[in-house]
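What follows is a single structure, written as structure tokens, with notes after it.
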2 protein chains.
Amino acid sequence: MATIKDVAKEARVSTATVSRVLNGNYPVSQDAKEKVENAIKALNYHPNAVARSLKQNKTYLIGVLVPDIANPYFMDLARGIESVVSVEGYNLVFGSTDEDASKEMNLLRVLNEKRVDAVVVATRQEKPDKINELINQGLNILMVDTYIKDIKCDYVVEDDYDAAYRLVKHLIEHGHTQIAIVNGLLSVSTSQQRLRAYKDALEEYGIPINDKFLLQGDYNRECSYQSMKQLLKEEVLPTAIFSTNNIMTESVMLAAKEAGLSIPEDLSLVSFGNITLPGLIEPQLTYIKQNSFEMGKRAGNLILDKLDHTFFESKEHIIHLDMQAGDSVKDMH
Amino acid sequence: MATIKDVAKEARVSTATVSRVLNGNYPVSQDAKEKVENAIKALNYHPNAVARSLKQNKTYLIGVLVPDIANPYFMDLARGIESVVSVEGYNLVFGSTDEDASKEMNLLRVLNEKRVDAVVVATRQEKPDKINELINQGLNILMVDTYIKDIKCDYVVEDDYDAAYRLVKHLIEHGHTQIAIVNGLLSVSTSQQRLRAYKDALEEYGIPINDKFLLQGDYNRECSYQSMKQLLKEEVLPTAIFSTNNIMTESVMLAAKEAGLSIPEDLSLVSFGNITLPGLIEPQLTYIKQNSFEMGKRAGNLILDKLDHTFFESKEHIIHLDMQAGDSVKDMH
DNA sequence: GTGAAAGCGCTAACAA
DNA sequence: TTGTTAGCGCTTTCAC
């Protein structure tokens, strides 16, 4: 494969001149420019970005770590990031962590060795020490979706507490008092916020908290499905469910359907995030409209900012979320 | 950031020895090894993969080009590739082409400059010349899903013709003669195969082809939705639809629902690929079970093969697909 | 078993 | 405006 030296020889100029034509950052005579351009075509030359990266200490690579690339939420996030950074010539390097802490640290290490210019971490494990170590070594980390105390980096997160609070309040104002929550892992900040909002809302209205109605999930399909199956076997059923993410909402609907319960007649349902095929499924959900594409764009912009200016204070971006009313909640009055 | 030189100095050995400890490919004395390992820890050293790539002419990066990362089919494909190649230390670099030919060529060029070790192209544009040029320059391309004549590289594709034929035959054997097809862009090999199978099956049974029943889609949501809307306004309706991909099947179901037609009572439906939430939606589809995760794994293995052995003849892998019977087809007998 | 040194392909400081 | 050259951080040949 042709190198810059070959081009220089072919065009009878120095490698410096070729580099200048390539990058257009220094003045070059028209004559030299043409000679170089002809040589490039003749040799079918394509610059080696690896060598450039080594010299410039910049790879134009941005790592993206997500727990589950099969969740549309994270794909939209990735697309949001890509839509912003690709304009500046960056490419995304992906890694799925499958919620596995060691896999995650390993990927982080590899991405660091590959000298990605930044990495967006949308993940749920908590290893503040290890991650801070990488940050101190100069790895540029941006956390999205989840906030982990003690990790010293920028964030883009959604306003989980507020949105969850409104969702539960919505149920209560429709006369529900027997409300169950299907929650994610409590090690994750989003789950913590959503649970706290749930409890605060109930307390606000003087509704006692029933431990049987606190269902543990892990934001994935299987676990929440089993929890629901279990719940629906109990003698005292809730009249409403608050599901804390889109995937688990699908499980809730499936479990309800299989138990012969229809929504909202037998069971009301509100969800943090919408399901995949709302148009084809009855009823229309009442849910918190998440917009991970937008979140990705913000993350992308934050990164571009940071990569341009070398100094930048740590930032926290909080995104406000709206509620979309559907017909999945029965009025109990 | 610490370099191999710093480590060598700290450990009082040469950089060569450090490199040997790092890679474990040459004998090193126990004593030297320990000194180096201590120095690495003390300096918090992380090798620079960019420099290594330059020297070794290998990046451990594999490009993945898909038209639409929001389609679960392509995500599963990516996961399949990742599951295989990540074991050997490769990372995936993504690019969504959005069905845009110039964006696609541009991404291919950038990935080539970044010297990815290979690129998996699951895309639908046809630029044999440009792509062959890159291949001739040494870019290692593997095409999946779509076969494009005149591009000289390996393939992993599904047996579209055969599977589509069985699907249409299934409809005919259930007594349908008025069968419409919702097809993708005809510039794509998969669409060509599926359409050919449709026509051949009808012909085989002596059923005339009605041009009004040949609906053009583009494998995306909007276009197929509009085509269906249009079709359902006609005076003569088909009794069955053959949808040639999962996304368009969702549109077909949505359009039918909105037109007040129920499946299979008013309209039978078979699909190439399943929809997203089969459990929640009535009826269960009769469809061709695609397995892009498996296809991704094969692609990954093919790439690993090729990257190990330097010489390898061009290969074509064809994946056989099974049909899954559901209850979306009414028996007309 | 170990070290010195060349060189991967490029950029940029410096000199002309 | 152009050329020369050092050097980015690593691997690997060659000599010891």
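The chains referred to below are lettered A, B, ... by the order of the sequence lines, with proteins before strands, and numbering in each begins at 1.
- Looking at heavy-atom distances under 4.0 Å, B:Asp31 makes no contact with the nucleic acid at all.
- When the side-chain nitrogen and oxygen atoms of B:Tyr45 are compared with OP1 and OP2 of D:dC10, one or more of them lie within a distance under 4.0 Å.
- Annotation: side chain of B:Val93 is in contact with side chain of B:Leu111 (closest heavy-atom distance under 4.5 Å).
- Set against D:dT11, C:dA13, C:dT2, the side chain of B:Arg20 has C:dT2 as its closest nucleotide.
- The phosphate of D:dG3 has OP1 or OP2 within less than 4.0 Å of a side-chain N or O from A:Thr17.
- To the nearest angstrom, C1' of C:dT2 lies 16 Å from CD of B:Gln30.
- With rounding to whole Å, A:Gln137 atom CD is found 15 Å from D:dG9 atom P.
- On a pure distance criterion of 3.5 Å, no polar donor-acceptor pair joins the side chain of B:Arg115 and the base of C:dG9.
- Between B:Val120 and B:Ile303, the closest side-chain pair of non-hydrogen atoms falls below 4.5 Å.
- Salt bridge status for B:Lys297 with B:Asp76: absent, with no side-chain N to carboxylate O gap under 4.0 Å.
- Set against C:dG9, D:dT12, D:dT4, the side chain of A:Thr3 has C:dG9 as its closest nucleotide.
- Residues B:Asp154 and B:Arg298 are not paired through a salt bridge, judged by the lack of any N-O separation under 4.0 Å between the basic side chain and the carboxylate.
- Salt bridge annotation for B:Glu37-B:Lys41: absent, with no cationic side-chain nitrogen under 4.0 angstrom from a carboxylate oxygen.
- Nucleic acid contact class of B:Val13 (heavy atoms, under 4.0 Å, all strands): sugar-phosphate only.
- Spacing between atom CD1 of A:Ile4 and atom C1' of C:dT11 amounts to 8 Å, rounded to whole angstrom units.
- Taking 4.0 angstrom as the limit, B:Asn25 places none of its side-chain polar atoms (N or O) nearer than this to OP1 or OP2 of D:dT11.
- One interatomic measurement links the two molecules: NZ of B:Lys55 to C1' of D:dG9, which rounds to 11 Å at whole-angstrom precision.
- An OP1 or OP2 oxygen of D:dT12 is reached within less than 4.0 angstrom by a side-chain nitrogen or oxygen of B:Gln56.
- Between D:dT2 and A:Ser14, no contact under 4.0 Å exists linking OP1 or OP2 to a side-chain N or O.
- Out of D:dT12, C:dC10, C:dT2, the shortest distance to the side chain of B:Ser29 is found at C:dT2.
- The listed nucleotides are C:dA5, C:dG9, C:dG3; the one nearest the side chain of A:Leu54 is C:dG9.
- Between the side chain of B:Arg12 and the base of C:dT2, no donor-acceptor pair of N or O atoms lies under 3.5 Å.
- Contact annotation for A:Asn23: backbone-only contact, meaning every heavy-atom pair under 4.0 Å involves sugar-phosphate atoms and none involves a base.
- Across all strands shown, A:Thr15 has heavy atoms under 4.0 Å from base atoms, whether or not it also approaches the sugar-phosphate.
- Look at CE on B:Met1: it is 10 Å from P on D:dC10, rounded to the nearest Å.
- Side-chain contact between A:Ser53 and A:Lys58: absent, with no pair of heavy atoms (C-beta onward) separated by less than 4.5 Å.
- Rounded to whole Å, the distance from NE2 on A:His46 to P on C:dC10 is 12 Å.
- If you take NZ of B:Lys5 and P of C:dA5, they are 12 Å apart, rounded to a whole angstrom.
- Comparing D:dG3, D:dT1, D:dC10 by their closest approach to the side chain of A:Ala16 singles out D:dG3.
- Using a 4.0 Å heavy-atom criterion, one finds that B:Ala32 contacts the sugar-phosphate atoms exclusively.
- D:dT1 atom P lies 15 Å from atom CD of A:Glu34, rounded to whole Å.
- Residue B:Tyr26 places none of its side-chain N or O atoms closer than 4.0 Å to OP1 or OP2 of D:dT11.
- Here the straight-line distance linking atom CE of B:Met295 with atom CD of B:Gln290 works out to 7.5 Å at 0.5 Å rounding.
- Using a 4.0 Å heavy-atom distance criterion, A:Val28 is classed as a sugar-phosphate-only contact.
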